[in-house]
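Below is one structure, written out as structure tokens; comments come after it.
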Amino acid sequence: MATRVLIGARSKTPFRLPTSRFLSISSISRFASTLVIAEHEGGSIKAPSLSAVEAAKSLDKENSISMLLAGSGPSLQEAAAHAVSCHPSVSKVLVADSDRFMHPLAEPWARLIQLVQQRENFSHIVAASGSFGKNILPRAAALLDVSPVTDVIEISESTKFVRPIYAGNALCTVRYTGAHPCMLTIRSTSFQVQPNSTDSKAHEAPISQVDLSTFEEDTIGKSQYVKLTSQESERPDLGNARVVVTGGRGLKSAENFKMLEKLAEKLSAAVGATRAAVDAGFVPNDLQVGQTGKIVAPELYLAFGVSGAIQHLAGMRDSKVIVAVNKDADAPIFQVADYGLVGNLFEVIPELLEKLPEKK
């Protein structure tokens, strides 16, 4: 079967809308002080939270950055020990130790943020735009009577931000002129942490315990933790992988996705999927990449049988190199791909598996 290779330049600069104003109450203080809401797991600060610290650096040169951790038990203590040296820009680590924060439920966490803000009066509160931040920050913003700016991808000034709209096809510049604090969720893939910014033992921030004696919690919780289910895998985490191999509806079945998994193993890559593949039951929904799934920006993104719907492109268009394989030469995925191969994926993938060396 004949194949055609398409090599083209893609535009990474979506259409920009004029600056719009966001609220109109009072101005942000001259000197910024920022609280980063950190997510931790297994005694370590998660990478998206480190990206939130990186974003906070852009708010003001004299910015004082504090990191808030909450939870209980040894895991929290290990995370606090990691937090003090996780990033040289962190000047203080606030720790709230209570069983009420063992699970990331929105109600107690929002009350905690409200309590800390009332005491410390931060000018900004920042969280990563993942399920953790999206769940907690809006409720905390409501308690503090401010409107959050969500999914920020660029910080121009302490009150001026750029965020994508229309599934990333346009960028909107927003100026916040509201009351303290200015609350943000940031897209972690847009604020890459420099390698020398992590685990700096030369700098260790002090730890301060949050006084919870006046902590008020809703008498009746509106949500309840049931259980955590996750799939054990030796492959890298999809959100942080250097290489991502994604399959679309063109793979036709869950059985054919195993072929993609073998390719991912050889490349030490994470496996992703389009919404169409998830809806068809080929793979679980935690592998979905796109506007309603995970946002990824790997060094290499391989797309097999992916048509390129705008909702999917919104989740991977910031990838450094995009390679697409599709039998339809007019598939929209080729408009954003750096390299495109028009061919049958059921011939291409086995050939790749044959020619790629075994993982050592």
Side-chain angles (χ1 to χ4, degrees), residues 34-57 65-117 120 122 124-137 139-140 183-189 191-195 197-201 203-212 215 223 225 227-230 232-233 236-241 286 294-295:
T34 302
L35 177 68
V36 173
I37 312 302
E39 185 180 10
H40 61 93
E41 184 179 41
S44 297
I45 307 301
K46 285 194 170 184
S49 295
L50 296 179
S51 294
V53 176
E54 198 71 19
K57 285 171 50 181
I65 301 174
S66 299
M67 179 178 283
L68 176 63
L69 300 177
S72 65
S75 178
L76 175 64
Q77 303 309 318
E78 292 174 14
H82 177 219
V84 297
S85 58
C86 69
H87 199 291
S89 296
V90 176
S91 59
K92 183 167 64 172
V93 177
L94 303 175
V95 177
D97 192 342
S98 172
D99 289 341
R100 289 171 289 194
F101 310 117
M102 185 176 295
H103 308 297
L105 297 178
E107 290 85 7
W109 267 87
R111 290 290 183 189
L112 174 63
I113 294 170
Q114 181 189 30
L115 174 67
V116 172
Q117 173 61 20
E120 302 286 343
F122 292 101
H124 296 76
I125 297 178
V126 181
S129 186
S131 58
F132 176 78
K134 288 179 178 178
N135 185 36
I136 294 169
L137 203 78
R139 181 177 289 272
M183 303 184 74
L184 313 171
T185 60
I186 60 97
R187 185 174 289 189
S188 58
T189 55
F191 297 92
Q192 298 292 333
V193 180
Q194 300 301 321
S197 294
T198 57
D199 295 320
S200 175
K201 295 297 181 183
H203 166 85
E204 290 197 355
I207 295 177
S208 177
Q209 296 291 331
V210 178
D211 181 6
L212 299 175
F215 178 77
S223 60
Y225 177 82
K227 64 179 179 178
L228 172 65
T229 58
S230 61
E232 296 295 330
S233 174
D237 176 66
L238 178 58
N240 304 310
D286 60 332
K294 293 184 178 179
I295 307 295

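- One distance of note links CD1 of Ile136 with OG1 of Thr185; it measures 12.5 Å at 0.5 Å rounding.
- A pairwise comparison of heavy atoms in Pro206 and Ser91 identifies CD-O, 3.1 Å as the closest pair.
- Classified by interplanar angle (parallel below 30°, tilted 30° to 60°, perpendicular above 60°), the ring pair Tyr225/His103 is parallel.
- The distance from atom CE of Met67 to atom CG of Leu50, rounded to the nearest 0.5 Å, is 6.0 Å.
- Residue Ile113 holds its CD1 atom at 6.0 Å from CG of Leu137, rounded to the nearest 0.5 Å.
- Minimum heavy-atom separation, Gln192 to Thr189: NE2-O, 2.9 Å.
- Annotation for Ser49 and Ala128: closest pair N-CB, 4.5 Å, computed over non-hydrogen atoms.
- With contacts defined as side-chain heavy-atom distances shorter than 4.5 Å, the pair Leu112/Arg100 does not qualify.
- The shortest heavy-atom contact between Pro104 and Asn135 is O-ND2, 3.4 Å.
- Using a 4.5 Å heavy-atom threshold, the side chains of Gln117 and Gln114 count as separate.
- Taking 4.5 Å as the limit, some side-chain heavy atom of Phe101 sits within range of a side-chain heavy atom of Leu212.
- Residues Val210 and Leu68 have side chains in contact (heavy-atom distance under 4.5 Å, counting atoms from C-beta outward).
- Counting heavy atoms from C-beta on, the side chains of Phe132 and Ile37 come closer than 4.5 Å.
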inquiry  = Please evaluate residues Val116 and Phe122 with respect to the criterion side chain to side chain contact (heavy atoms under 4.5 Å, CB included), reporting the C-alpha separation (whole Å), side-chain torsions for both, the decisive distance (0.1 Å), and the verdict.
reply    = CA-CA 9 Å; Val116 172; Phe122 292 101; 3.8 Å; yes
Would you be so kind as to tabulate the donor-acceptor pairs closer than 3.5 Å made by side chains of residues 70-79, with sequence neighbours excluded?
residue: Ser72; atom: OG; partner: Asp99; partner atom: OD1; Å: 3.3
residue: Gln77; atom: NE2; partner: Asp97; partner atom: OD2; Å: 3.1

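- With rounding to the nearest 0.5 angstrom, the CG atom of Asp286 is 11.0 Å from the OG atom of Ser131.
- Contact of the Ile45 side chain with the Val53 side chain is not registered, since no non-hydrogen atoms from C-beta on lie closer than 4.5 Å.
- Put simply, the side chain of His87 does not reach to within 4.5 Å of the side chain of Ile65, judged on heavy atoms.
- Taking Ala205 as the reference, Val90, Val93, His203 meet the side-chain contact (heavy atoms from CB on, under 4.5 Å) condition, with sequence neighbours excluded.
- Counting heavy atoms from C-beta outward, Leu35 and Glu120 have side chains that stay 4.5 Å or more apart.
- Considering CD1 of Ile295 and OG of Ser129, their distance stands at 7.5 Å, rounded to 0.5 Å.
- The CD atom of Glu54 sits 6.5 Å away from atom OG of Ser89, with the distance rounded to the nearest 0.5 Å.
- Closest approach of Leu69 to Ala83, counting heavy atoms only: CD1-CB, 3.9 Å.
- Across every non-hydrogen atom of Ala52 and Ala127, the tightest pair is CB-C, 4.4 Å.
- Residues forming a side-chain contact (heavy atoms from CB on, under 4.5 Å) with Lys46 (at least two apart in sequence, or on another chain): Glu39, Glu41, Pro48.
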